[in-house]
Amino acid sequence: MNINKSNHLTQLEKSLPAHWYFDEKFYNKELSKIWSNNWIYVCHKSRLEKKLSYLTISIGKQSIVILNDTKGKIKAYFNTCRHRGSVLCNQSNGKLKSKLLVCPYHQWSYFADTGELFQIASFSKLPKGFEKKKFSLFKVKVKEWRGCIFVNLDKNSKWNEETLFQRNPDAFKNFPIEEMVVSDVWEKNIDCNWKSFWENFNECLHCPNVHPELTSLVPMFSRRIINPQDLPGWVPKSKESDPRFSGGLKKGAETWSENGHAQGCKINSLTESDLLKGHVYASSWPSIFIGGYADHVRIVRVSPIESEKVKISAEWLFEKKTLKNKIYNKENVISFACKIMEQDAKACELNQKGIHSIPYENGVLMPEEYVIKSFHDWLRKKLQLEIGKSY
Ligand code: FES
Ligand SMILES: [Fe+2]
């Protein structure tokens with residue numbers, strides 16, 4: 001699916017039924033049909049650089065532990081002990097004390113490398129017929145795309161890079177994502193359904209009033225569009241074109257930051273045309289979008305917590321040499337993005353509250369909301385619901 005091109009909606013399209021944003025039964029269906037069989041982003045590999053370092057993530061009620069084993073290989077397991085089901089790792093991240101994962105409840109221990117059961121802390125003779133090898137940790141499939149680690153809870157799932165992203169990741173071909181490192185992580189729980197987060201991200205109708213600072217940095221956003229092509233009568237213009245029409249940054253600005261300066265740390269491999277764009281995005285539904293800017297990359301992960309709660313985790317990636325540069329102040333980009341994400345969080349929460357109104361059944365999409373329409377079609381397909389039908 002390529003949704004980067006202009007694709008104005010010409011037909012009247014309803015937004016999704018209100019109850020899809022809070023109904024528990026519907027939410028559970030999404031967990032099983034979408035979140036349990038798609039490739040879900042975990043983190044950038046630089047966060048698991050050290051051997052025996054681990055990280056846990058939640059996908060709905062599922063907790064997964066992802067670790068770097070004794071041989072430097074990334075492994076993923078359901079975070080569940082095979083004795084009586086306790087969680088194994090209770091922290092969001094850390095480093096194992098040994099090559100074993102030890103259950104905090106009755107101390108069963110498992111090899112980090114294979115998930116096999118190593119030892120049972122019990123003096124009694126094991127019951128007849130108990131076979132240790134049948135009590136290994138439940139494995140989770142894990143794959144890497146350009147330094148980005150993904151898991152899939154479905155053991156029969158296939159890895160396909162062609163279908164991993166809906167918004168084209170080719171825009172990132174000149175960004176050295178796999179060589180960059182995560183310097184900072186920001187997390188926030190937002191009181192909204194996970195789909196509301198994505199809908200908000202996929203349009204800019206809200207930009208001028210919700211994001212005044214961003215709209216001043218990216219003049220095209222004052223026109224409430226996400227692509228220059230979205231302008232009626234758009235024709236490709238030269239690189240000198242007015243940023244209101246090209247989607248680039250305001251005059252003198254180089255990156256998404258408080259003062260717009262890249263502080264002499266632009267990524268060398270980016271071309272002039274990459275830099276003129278100001279920003280590029282790739283999205284892998286349902287779990288991440290990646291933003292690329294002159295001096296950094298930001299990866300934002302979406303995890304459903306409850307039907308009306310979603311966790312957002314943002315990672316900032318920089319080149320190693322940028323982080324070593326004493327003059328470079330990364331806070332310049334981090335605080336700017338946090339401000340935007342806080343503004344979006346507030347908007348999403350207002351949206352979620354309003355949706356409960358008894359007479360509100362469906363909203364309506366505006367022509368500029370064509371990416372939301374693509375998202376809705378994708379969702380219906382995953383849920384095996386007919387596209388275009390009202391529910
Ligand atoms: S539940 Fe893990 S050792 Fe008992
Ligand atoms: Fe926004």
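Atoms considered below: every heavy atom in the structure, side chains included; atoms not considered: hydrogens, waters and symmetry mates. Counting starts at 1 for both ligands and their atoms, in listed order.
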Legend entry - Contacting atoms of ligand 1, where contact means under 4.0 angstrom from a heavy atom of S86: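 Near S86, meaning under 4.0 Å from one of its heavy atoms, ligand 1 has 1 (S).
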Inset, instruction - Using a strict cut-off of 4.0 Å, indicate which atoms of ligand 1 neighbour a heavy atom of W108. - result: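 Here the atoms of ligand 1 in question are 3 (S).
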Inset, instruction - May I ask you to check if any N/O/S atom from C103 comes under 2.8 Å of atom 4 (Fe) of ligand 1? - result: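 No, C103 does not qualify, because none of its backbone or side-chain N, O or S atoms lies under 2.8 Å.
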Inset, instruction - Measure from NZ or CZ of K99 to the centre of the six-membered ring of F111, then state whether that distance is under 6.0 Å and the direction lies within 45° of the axis. - result: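 Cation-pi check for K99 and F111: fails.
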Inset, instruction - For atom OH of Y360, decide whether the heavy atoms of other residues, nucleotides or ligands shown that lie under 6.0 angstrom number more than 12. - result: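 Counting other residues, nucleotides and ligands, OH of Y360 exceeds 12 neighbours.
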Legend entry - H83 backbone or side-chain N/O/S under 2.8 Å from atom 2 (Fe) of ligand 1: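 H83 does not place any N, O or S atom closer than 2.8 Å to atom 2 (Fe) of ligand 1.
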Legend entry - H211 backbone or side-chain N/O/S under 2.8 Å from the Fe ion (ligand 2):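 Short answer: yes, at least one N, O or S atom is under the cut-off.
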Inset, instruction - Give, for atom CG of D377 and atom CD of Q166, the distance between the pair rounded to the nearest 0.5 Å. - result: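 Going from the CG atom of D377 to the CD atom of Q166 covers 12.0 Å.
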Inset, instruction - Hey, can you tell me if H83 and W108 have their rings parallel, tilted or perpendicular (30° and 60° cut-offs)? - result: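 Ring orientation of H83 relative to W108: parallel.
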Legend entry - Aromatic ring pairing F201/F289, orientation class (parallel under 30°, perpendicular over 60°, tilted between):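 Rings of F201 and F289: parallel, as their planes differ by under 30°.
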Legend entry - Stepwise side chain to side chain donor-acceptor pair (under 3.5 Å) test for Q343 and H211: CA-CA 7 Å; Q343 291 166 341; H211 304 303; 2.7 Å; yes
Legend entry - Proximity to ligand 1 by part of C81, non-hydrogen separation under 4.0 Å: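 Near ligand 1, C81 shows its side chain, while the N, CA, C and O stay back.
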Legend entry - Shortest reach to atom 4 (Fe) of ligand 1 by a heavy atom, considering only H106, Q107, R84: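 Residue with the shortest heavy-atom distance to the ligand atom: H106.
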Inset, instruction - Mind reading off the angle at the Fe ion (ligand 2) between the OD2 atom of D344 and the NE2 atom of H206, rounded to 10°? - result: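 Reported to 10°, the angle equals 150°.
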